[in-house]
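Just the heavy atoms: all of them, side chains too, but no hydrogens, waters or symmetry mates, feed the values below. Note on naming: letters A, B, ... go to the chains in the order of the sequence lines (proteins, then strands), and numbering restarts at 1 for each one.
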There are 2 protein chains.
Amino acid sequence: MATLKYSRQRASIKEYLDHTTEHPTADTVYLHVREEFPRISLGTVYRNLNLLADMGEAIKITTPDGGDRFDGNTHPHYHVVCTCCNRVFDLHIDEAHINTMNKLAEEHFDGTIDSHATLFYGTCQDCLTQKTSRES
Amino acid sequence: MATLKYSRQRASIKEYLDHTTEHPTADTVYLHVREEFPRISLGTVYRNLNLLADMGEAIKITTPDGGDRFDGNTHPHYHVVCTCCNRVFDLHIDEAHINTMNKLAEEHFDGTIDSHATLFYGTCQDCLTQKTSRES
DNA sequence: CTTAATGCAAAAACTTTGCACCGCT
DNA sequence: AGCGGTGCAAAGTTTTTGCATTAAG
């Protein structure tokens, strides 16, 4: 089996994910990490993001618009996407709720449930404020 | 403003969505509708699926793997994707739960919440059975 | 030295779009 | 007739992949 080998690029990507709350797309990660590794390729970014997600060290957030987004916060939580500015926000829900939902789902499904992802759609405060000021 | 005009192609697509439970991808819809309209194009299928989704006559299910899927059942409900065979199943949850979740989320979010989509990950009975029979 | 990871570029997968023509109203 | 829808093909977007080279163990 393939043993994972350290790479400075992957470390940098993980470091970035762990310190940002903006839920970047692969391309945003690429643009950022490129400041430290000017020769890094987008392919490498994708490979490492997928690796991190597979290892459980990052979460891949599938969104309807644009590309997937990545989150270094692996603690179970939900997300809100603002349908106005497209930004993604964390939403912390009582942790017990996550398990409760999985169990509830399993009762209604002929099979086993491992996990779930919930994406809320709404409008963030910034966008609400901008709309209000435009209605003058 | 653009008035919506009837089209046999769109009617056929909607008819198909309303009578299947397989949550087809755009391509699957294309392959199916092509039996009735051999000259229909994939572009037309995409245009109509997006139209139906915008009109609230279908739901677009964003999945992590492959393309988006479509559901003619617009009644609020959740979905389970089998991580083994990639099929998508309906999951009927108490309707009140949907609103409760939106309100709950709004309490924890600085903005407004309109809706949410939840996708469960699990293994369907068919795949569980196949795994068991392989472990002989 | 051995093998995983990278950079690069090409390709794959999915979706949208411009345009001339067709069909609904 | 007027305008929206279609078919077709081309292009756009996002993600993956083959391969020679580089770097980690």
- Message: Does A:D27 reach a base, just sugar-phosphate, or nothing at all? Heavy atoms under 4.0 Å.
- Response: nothing
A:N50 atom CG is separated from C:dA5 atom C1', nearest whole Å, by 15 Å
Regarding the side chain of A:K5, the nearest nucleotide among C:dA5, C:dG7, D:dT16 is C:dA5
_In terms of relative ring orientation, are B:Y16 and B:H32 parallel, tilted or perpendicular, with 30° and 60° separating the classes?_
parallel
By nearest-heavy-atom nucleotide on DNA chain D, the more 5' of B:G43 and B:S7 is B:S7
Notebook entry, point to check: Does the side chain of A:S12 come under 3.5 Å of the side chain of A:E36 through a donor N or O and an acceptor N or O?
Noted result: yes
Rounded to whole Å, CZ of A:F37 lies from C1' of D:dT22 at a distance of 13 Å
When B:L42 and B:Y6 are each assigned the nearest nucleotide of DNA chain C, the 5'-most assignment goes to B:L42
Q: Using a 4.0 Å heavy-atom cut-off across all strands, classify B:R10 as base, sugar-phosphate, or nothing.
A: sugar-phosphate
In whole angstroms, the gap separating C1' of D:dT15 from OH of A:Y30 amounts to 14 Å
note: B:L31, atom CG; C:dC14, atom P; distance rounded to Å ~ 12 Å
Rounded to whole Å, CG of A:L49 lies from P of C:dA5 at a distance of 14 Å
A:I61 atom CD1 is separated from D:dT15 atom P, nearest whole Å, by 13 Å
Q.
Do B:N102 and A:F120 make a side-chain contact, defined as non-hydrogen atoms from C-beta onward lying under 4.5 Å apart?
A. yes
Discussion item. Whether B:R39 contacts D:dC8 is assessed here as follows: a side-chain N or O lying under 4.0 Å from the phosphate OP1 or OP2. Is that the case?
Written reply: yes
Picking from D:dT6, C:dG7, D:dG5, the nucleotide nearest the side-chain atoms of B:N48 would be D:dT6
From CD1 of A:I13 across to C1' of C:dA5 the rounded distance in Å is 11 Å
* Would you indicate, yes or no, if C:dT16 has its OP1 or OP2 atom less than 4.0 angstrom from a side-chain nitrogen or oxygen of B:Y46? => no
Closest of C:dT15, C:dG7, C:dC24 to the B:R8 side chain is C:dC24
**Prompt:** Would you say B:T44 reaches D:dG7's phosphate, i.e. side-chain N/O to OP1/OP2 under 4.0 Å?
**Reply:** yes
DNA chain C nearest-nucleotide lookup for B:D65 and A:Q9: closer to the 5′ end is A:Q9
Whole-Å distance, B:E36 CD to D:dG7 P, equals 12 Å
Practice problem: For the residue pair B:H23 and B:H79, categorise the inter-ring angle as parallel (less than 30°), tilted (30 to 60°) or perpendicular (more than 60°). | Solution: perpendicular
Sidechain N-carboxylate O distance under 4.0 Å for A:R87, A:D126: yes
- Report yes if a donor N or O on one partner sits less than 3.5 Å from an acceptor N or O on the other, where the partners are the side chain of B:R47 and the base of D:dG4; otherwise report no. no
